[in-house]
Amino acid sequence: MKHADLSLRQLNTFVAVAKAGSFAAASEQLFLSPSVLSRTVASIERTVGTALFDRTARRVELTATGRELLTIAERVMATHQHGMRDLAQFMEGFRGTVTVATLPSVAAILIPPAASVFRKLNPDVSLRVLDGPAGDVVGHMTAGDADMAVTWDNHFPRQQFRVRPLVKDRFVAILPKGHPRANQAAVTWTELAADPFITLQSDTSARALTDRTYAQLGTAGPVLVEARNISTVGGLVGAGMGVAAMTAMVGSLVTFADVVTVPLVEPEVERILSVVEPIGAVASPATAKFVDVLLALRDAKVELPRWIEWLSATD
């Protein structure tokens, strides 16, 4: 027999006749006239190339080929029904994967509470977090590798991306315990420049804003160490090797080290973190639900670490 190409409708008709054991019962079940049903079965048998039923006066019995086809047809139909259920759940946002590109500090501070709420509401949706410096986040979004981002929005043109402000993250000084300025209520950027600087690499949002601020002030401390990982920066500052300027969110990741955190002033510098989505792309329902969870946390003003504030929907 050549490869038989039967449609789902044909398979459904065949299974109905096989299960009912008669054309009359199957025609009632399928809401088809007996003549139409007979022609459909005859077409199926021509496609297969052999008889599928032994017909008697009262019943139809499956032939050996018919029994084999019934097993295959039921498997195909079950797979199809399961796939359609999966698609329906995906369309309703109950299945699928949400890929979020974000900064390491956001991945550690903002994403976990949102992921916890989201998981309880959508247990069958997977969450994939692509955390890295700001340049990597832009790359993921531009390449279409991520559904959305939570990041510093400075590099996203508004004609291509929808940007919704989420959090205001203030800059602070990271000082070793025992530093002469550790007990001050605030430290100026100029005062901080008097010490050797421990800093993150240039492709990070914290470094970009730090360099911009010192360029505006016309001064900067000597960079002693440039590191990619915030833990490295915190450990070096705690060891007394120098000082650092970080956002409060980034600074909250170095509490393991012997450091203190003091607000930076003159000027006060803030990093605005936003939800970023591509314009023109239809977001998956699951992605839309995750965004809704983040915005709900913002609107509820869920507690954040010190010097980090939720922004209002109108900001």
Side-chain angles (χ1 to χ4, degrees), residues 8 75-169 203-205 249 271-302 304 308 310-315:
L8 284 171
R75 184 170 66 244
V76 169
M77 291 174 62
T79 300
H80 176 260
Q81 290 169 357
H82 181 75
M84 291 300 97
R85 284 196 299 270
D86 285 351
L87 178 61
Q89 289 184 321
F90 176 85
M91 296 295 291
E92 293 171 0
F94 295 119
R95 291 184 69 88
T97 300
V98 179
T99 301
V100 183
T102 193
L103 308 173
S105 57
V106 177
I109 303 300
L110 289 186
I111 298 300
S116 178
V117 173
F118 182 76
R119 180 70 174 175
K120 291 175 183 176
L121 297 173
N122 308 280
D124 293 323
V125 178
S126 299
L127 184 64
R128 181 170 174 246
V129 179
L130 304 177
D131 57 324
D136 287 358
V137 175
V138 173
H140 289 313
M141 290 298 292
T142 303
D145 297 331
D147 300 306
M148 56 170 290
V150 183
T151 186
W152 183 42
D153 62 26
N154 191 58
H155 298 294
F156 291 94
R158 299 310 192 261
Q159 67 270 24
Q160 294 178 274
F161 295 94
R162 182 184 186 189
V163 176
R164 284 181 277 184
L166 192 67
V167 163
K168 179 169 60 176
D169 189 16
D203 60 350
T204 63
S205 59
M249 192 174 295
R271 177 180 69 168
I272 303 301
L273 300 171
S274 301
V275 175
V276 180
E277 298 171 276
I279 292 175
V282 179
S284 72
T287 299
K289 285 187 174 185
F290 189 75
V291 171
D292 287 344
V293 168
L294 280 168
L295 298 180
L297 293 178
R298 177 196 67 184
D299 296 341
K301 303 296 183 184
V302 172
L304 292 171
I308 307 170
W310 293 105
L311 294 169
S312 69
T314 57
D315 287 326

| request: Evaluate the side-chain proximity of Leu103 to Val137: yes if any heavy-atom separation is below 4.5 Å, no if none is. | output: yes
| query | Which atom pair, heavy atoms only, marks the closest approach of Arg271 to Ser205? | reply | NH1-OG, 2.8 Å
| task | Can you see which heavy atom on Met249 is nearest to which on Leu110, and at what distance? | result | CE-CG, 3.9 Å
| Got a second to check how far Ile279's CD1 is from Gln159's CD, nearest 0.5 Å? | 8.0 Å
| Arg158 vs Val163, side-chain contact (heavy atoms from CB on, under 4.5 Å): CA-CA, chis, key distance, verdict | CA-CA 7 Å; Arg158 299 310 192 261; Val163 176; 3.7 Å; yes
| Over all atoms of both residues, closest heavy-atom pair of Ala107 and Thr102 | CB-CG2, 3.7 Å
| remark: Between the NZ atom in Lys168 and the CG atom in Leu304, the distance rounded to the nearest 0.5 Å is 12.0 Å
| note | Interatomic distance, CG@Asp299 vs CG@Leu294, rounded to 0.5 Å, equals 11.0 Å
| message | Is the shortest side-chain heavy-atom distance between Leu121 and Lys289 below 4.5 Å? | response | no
| Judged by atom type as modelled, is there a donor-acceptor pair below 3.5 Å linking the side chain of Ser116 to the main-chain atoms of Pro112? | no
| message | Are the side chains of Arg162 and Val276 in contact, using a 4.5 Å heavy-atom criterion? | response | no
| note | Rounded to the nearest 0.5 Å, the OG1 atom of Thr99 sits from the CG atom of Leu130 at a distance of 6.0 Å
| message | Quick one: does any side-chain atom of Thr204 pair with a main-chain N or O of Pro133 as donor and acceptor, under 3.5 Å? | response | no
| Can you name the closest pair of heavy atoms from Lys120 and Pro123 and give their distance? | O-CD, 4.1 Å
| Is there side-chain contact between Asp153 and Phe161, with heavy atoms separated by less than 4.5 Å? | no
| query | Within the side chain of Asp169, is there an N or O that forms a donor-acceptor pair under 3.5 Å with the backbone of Ile308? | reply | no
| query | Does the side chain of Phe290 reach to within under 4.5 Å of the side chain of Asp147, using non-hydrogen atoms? | reply | no
| request: Run through Ile111, Val150, Val106 and flag the one making a side chain to side chain contact (heavy atoms under 4.5 Å, CB included) with Val129. | output: Ile111
| Considering only heavy atoms from C-beta outward, does the side chain of Leu166 approach that of Leu295 to under 4.5 Å? | yes
| said: Please determine whether side-chain contact (heavy atoms from CB on, under 4.5 Å) holds for the pair His140 and Thr151, giving the CA-CA distance in whole Å, both sets of side-chain angles, and the decisive distance to 0.1 Å. | reply: CA-CA 12 Å; His140 289 313; Thr151 186; over 6 Å; no
| request: Spell out, as yes or no, whether a donor-acceptor pair under 3.5 Å connects the side chain of Arg119 to the backbone of Leu127. | output: no
| message | Less than 4.5 Å apart, side chain to side chain, heavy atoms only: is that true for Trp310 and Val302? | response | yes
| field | Heavy-atom pair with the smallest gap, counting every atom of Pro165 and Ser274 | value | CA-OG, 3.4 Å
| Ala114 versus Val293, closest heavy-atom pair with distance | O-CG1, 3.6 Å
